[in-house]
Enquirer: 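Got a structure for you, written out below as structure tokens; questions coming shortly.
Protein chains get the first letters and strands the later ones, always in sequence-line order, with residue 1 at the start of each.
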Amino acid sequence: MRILFLTNLYPPVVMGGYEIACANVARGMAARGHEVRVLTTWSHLPLPVDDPAWVHRGLDLHWHLPHRSSDATVDMRDLHSAVCSSYANTLHLLDSLRGFRPDVVYVWNLIGIGGAAMLDLLNQIGVPWVLHLMDRVPVEIASSTPACVLGLFDAQGSALYARAHIICMSQHLLDEIETMSGIIFAQGADLVPGAADVSAALPHEPYLRDGIARFVTAGAVVEHKGIDLILQASARLKAEGLAFAVGVFGDGELPCYMDMARAMQVDDRVCFLGSRTQPELMRLYAGYDAFLFPTWEREPFGFAPVEAAGCCTPPIMTRNCGASERFVDGVHCFKIERTVDDLTEAMRCVAANRADLARIGRAAQRLVATDLSFTRCLDRIEAILRAHTHPWSQAAADDPTLPLLAFLKHNLSVSLRFG
Amino acid sequence: VREPLRVAHLTPAYFSPDSVVGGGERYVYNLVQSLCTVRGFEQCVFAVGAENMLFEHNRIPVRILRNESPLPGAMDAFSAALWRDLRGFDLVHVHQSLTLFGAYTIAIVRSLGIPVVGTDLGGGENALMLGRRGLELLDGALSISRYAHDLIARYFSGHHEILIGPVNTDHFLPTAHVTRDRRTVLCVSRIMPHKGIDRVIAALPSGLRLVVAGRVYHESYYEMLRSMAEGKDVRFVHDADDTVLLELYRTAGLFVQASTARDVYGTAVAKPELMGLTTLEAMACGLPAAVSNTGALPELVPDPRFGRVFSGQDDLTAILREVAEGVWPRPDAAALARAHVVEEHGMESIGRRLAAFYRAVLARPRRSG
């Protein structure tokens with residue numbers, strides 16, 4: 001298959017699991033012999049020497065900008081370009097459709113590149129496309145754009161997505177999108193969970209070595225991931241005299257949380273260890289007893305706990321986050337309400353050696369090696385893409401007036417919104 | 001192409017006190033009626049209004065879509081419901097194509113892949129459609145005069161037809177029962193400076209009577225006209241309904257349309273007369289016409305036996321003197337005027353040519369790569 005990936009970010013520029021997953025799947029598809037092209041935004045970071053030639057970084061990014069303007073109108077213009085329409089990016093997509101002639105367009109995160117106009121273009125041309133949801137992209141598009149502007153792109157209701165095949169990483173995310181936006185995916189959706197490749201995972205070290213419970217968490221160091229809950233629970237455990245340590249991997253609001261840890265006098269127990277690559281983390285997880293994942297309830301899934309579970313490190317996770325659909329409480333993980341009390345009790349249970357960590361770790365590893373294995377998920381994605389591929393009129397992409405139509409829509413969207 | 005062809009007419013407003021009572025809105029209904037004289041078409045009119053509504057006008061369905069525009073102007077109205085409602089139509093005719101309504105609507109129709117034709121009825125000059133070449137998204141342009149054609153010709157390179165009219169010549173027709181007053185000069189228009197009514201009053205010789213029929217849209221101009229009319233035989237009729245208007249057409253001796261591109265106050269007027277329907281209606285009633293050389297008006301009177309064109313005050317004065325002296329128009333002018341309108345601008349004539357234009361557009365889609 002000729003697969004055109006469309007994504008806002010691509011390594012080395014990443015914000016989270018969405019972009020990393022996209023890159024993993026793109027590499028996986030290329031490794032399976034498919035002809036792949038990735039259309040994404042520029043990278044301000046040095047590219048790795050093995051950066052594939054099929055990654056085209058021609059799109060502009062209107063989101064995740066280092067500076068925010070004090071002028072609200074400037075911010076709104078950026079937001080408009082980010083979620084609704086960026087004319088240059090729409091033209092880049094058109095050029096890729098004309099030049100690459102994909103069998104299918106595989107759409108990932110669109111925030112930052114003017115998603116509504118791009119999806120509208122795909123619909124006009126009639127090229128088959130698959131949308132892989134790992135976050136509530138349709139909600140962001142619908143809620144950040146006035147209805148009259150959405151109407152230009154047939155994006156007021158579900159129609160913008162009606163021709164797409166939908167892949168979603170959790171029912172939880174699907175429900176959230178449908179509830180918050182009113183968009184209904186009447187065509188159905190394939191649930192493909194977050195996955196991990198544990199082929200290079202190390203054997204797990206003995207649990208509670210030296211009587212010390214070693215907790216780990218990885219990801220963005222921000223409030224919604226529950227870092228403050230971890231600090232509060234750590235303070236309680238310390239006060240109880242339990243022997244434990246917490247390693248926090250990742251970037252984010254590090255100064256804030258380091259200060260907080262110091263203020264709560266747990267800086268001797270909680271260490272902020274900075275970012276690590278995925279392979280590095282997979283090696284490190286083998287030395288920890290449990291993975292802390294007290295994330296917010298709208299977490300679409302969460303790759304890090306899956307990767308940890310794949311290394312026999314059982315996750316302690318929010319009961320109703322996306323990943324919890326795949327893990328059984330007491331079998332593969334420990335589920336908690338997202339409270340300090342619940343998190344403390346789960347950590348206490350581990351630290352006091354009241355949980356059968358080895359059994360749960362093995363079950364978790366088995367789950368990831370089977371249902372949540374990257375290879376198995378890639379098989380499913382490949383089958384879905386192949387099933388959704390159908391002949392399309394490539395002459396439609398060659399219509400010489402398409403740039404003019406996109407220009408008209410873009411400028412109408414701007415003038416309706418900003419006068 | 002299968003028949004009957006399903007044609008949707010899209011207009012920002014519809015002819016009604018609930019919407020807009022204007023020439024552009026009436027034109028749409030007239031054009032639809034003209035195509036009814038030809039077999040092989042099904043039509044529907046879509047307009048934008050305060051609420052969703054469906055009714056019939058002369059057995060043509062008229063669907064009103066709820067306005068979604070944040071802007072107050074009638075020509076800025078639009079509805080995204082067209083994405084759904086236009087499915088199944090073979091051709092869409094967007095009226096007022098140079099307005100925000102036109103731009104928004106053409107974007108939707110074009111995205112749906114339906115061949116689209118546009119007509120400027122004078123409601124706007126949207127820069128995206130003109131200078132930025134949005135008009136090139138049309139598969140065809142229908143202009144209501146050569147003048148209207150020339151205004152957009154440099155922005156549109158596709159199939160471009162000119163159809164002046166239609167006029168309902170079954171309604172606007174002379175009657176043998178009424179005697180014409182050859183000394184009555186008739187002006188029918190909104191009372192606004194660019195209509196040049198001041199020029200007619202100034203040129204009116206003794207011995208001729210002037211009847212000005214139209215609502216006042218510019219009070220100070222109207223006051224000026226009343227002042228100019230003192231000592232002359234001038235009557236203003238502000239509440240003429242269709243019956244009264246027809247009566248005026250049938251009883252007057254000459255119709256004058258004196259519109260100007262620069263009004264009495266020195267103000268330049270864009271697109272002063274794209275067509276001049278009242279002139280054609282008057283001529284259909286057998287009324288000879290004198291028109292200014294403004295906009296499309298000269299195109300309406302190609303034969304000096306029933307129509308004259310004046311370029312300035314002296315010209316108009318001379319023509320009215322000939323009328324007063326009985327030199328012009330000749331007795332056969334009424335029949336000639338009527339025959340010309342029926343043949344060139346009547347419902348059947350326009351309907352036939354409109355059908356041919358639509359079919360030509362469908363036969364030559366512009367969008368293939």
Side-chain angles (χ1 to χ4, degrees), chain A residues 84-85 87 90 94-95 97-99 101 116-127 142 145-163 392-419, chain B residues 48 65-73 75-87 94 97-116 118 124 126-140 155-158 365-369:
Chain A
C84 183
S85 176
Y87 183 58
T90 307
L94 179 59
D95 286 345
L97 294 170
R98 287 172 170 174
R101 306 281 178 185
M118 288 179 144
L119 299 185
D120 180 45
L121 179 69
L122 298 180
N123 286 335
Q124 279 172 53
I125 290 176
V127 60
T145 313
C148 63
V149 175
L150 290 172
L152 276 168
F153 305 101
D154 200 12
Q156 284 183 343
S158 310
L160 188 64
Y161 306 95
R163 294 188 193 181
W392 58 283
S393 169
Q394 299 194 350
D398 294 330
D399 177 354
T401 63
L402 278 177
L404 178 57
L405 179 57
F407 182 84
L408 177 63
K409 287 186 171 187
H410 171 77
N411 282 284
L412 281 172
S413 75
V414 171
S415 68
L416 280 171
R417 191 159 190 177
F418 303 105
Chain B
V48 186
L65 306 175
R66 189 181 60 78
N67 185 14
E68 299 173 18
S69 173
L71 303 174
M75 297 298 123
D76 297 327
F78 56 74
S79 169
L82 292 171
W83 283 100
R84 242 62 52 202
D85 289 352
L86 290 179
R87 292 190 192 281
V94 177
S97 55
L98 298 185
T99 61
L100 175 60
F101 164 83
Y104 195 99
T105 301
I106 288 167
I108 291 176
V109 180
R110 185 63 183 70
S111 300
L112 288 168
I114 303 173
V116 56
N126 188 287
L128 285 171
M129 298 306 291
L130 289 169
R132 299 309 180 120
R133 297 294 195 276
L135 275 181
E136 289 287 16
L137 293 170
L138 297 175
D139 293 282
Y155 304 113
F156 180 66
S157 59
R366 300 184 75 208
R367 65 176 54 88
S368 57

Enquirer: Please report the shortest heavy-atom distance between T401(A) and E136(B), naming the atom on each side.
Expert: CG2-O, 4.3 Å
Enquirer: Scan the side chains in residues 126-133 of chain B for donor-acceptor partners under 3.5 Å anywhere in the protein, sequence neighbours excluded, and list what turns up.
Expert:
| from | atom 1 | to | atom 2 | distance (Å) |
| --- | --- | --- | --- | --- |
| N126(B) | OD1 | L128(B) | N | 2.8 |
| N126(B) | OD1 | M129(B) | N | 3.4 |
| R133(B) | NH1 | G131(B) | O | 3.3 |

Enquirer: If you measure from CG on D76(B) to SG on C148(A), what distance do you get to the nearest 0.5 Å?
Expert: 11.5 Å
Enquirer: Does a side-chain heavy-atom distance below 4.5 Å link L416(A) with L100(B)?
Expert: yes
Enquirer: Between A80(B), A81(B), S79(B), which has the largest tally of heavy atom pairs under 4.5 Å with chain A?
Expert: A80(B)
Enquirer: At a 4.5 Å cut-off on heavy atoms, which part of N123(A) comes close to chain B: side chain, backbone, both, or neither?
Expert: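 Neither the backbone nor the side chain of N123(A) comes within 4.5 Å of chain B.
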Enquirer: Which pair of non-hydrogen atoms, one from W83(B) and one from G151(A), has the smallest distance, and what is that distance?
Expert: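 Here W83(B) and G151(A) meet closest at NE1-O, 2.5 Å.
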Enquirer: Taking the side chain as everything from C-beta on, heavy atoms only, tell me whether R110(B) gets closer than 4.5 Å to L404(A).
Expert: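 A side-chain contact is absent here, since even the closest heavy-atom pair is not under 4.5 Å.
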Enquirer: Nearest heavy-atom pair of A107(B) and L412(A): which atoms, and what distance?
Expert: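 That closest heavy-atom pairing would be CB-CD1, 4.5 Å.
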Enquirer: Calculate, to the nearest 0.5 Å, the distance between atoms CG and OG belonging to D154(A) and S111(B) respectively.
Expert: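 Those atoms lie 8.5 Å apart.
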Enquirer: Between NZ of K409(A) and CD1 of I108(B), what distance do you get to the nearest 0.5 Å?
Expert: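 Answer for the NZ-CD1 pair, K409(A) versus I108(B), is 7.5 Å.
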Enquirer: Kindly give the heavy-atom pair with the smallest separation between A103(B) and L408(A), and that separation in Å.
Expert: O-CD2, 3.7 Å
Enquirer: With salt bridge (charged side-chain N to carboxylate O under 4.0 Å, His left out) as the rule and sequence neighbours excluded, what pairs involving residues 97-108 of chain B come up?
Expert: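 Counting only pairs at least two positions apart or across chains, no salt bridge (charged side-chain N to carboxylate O under 4.0 Å, His left out) contact touches residues 97-108 of chain B.
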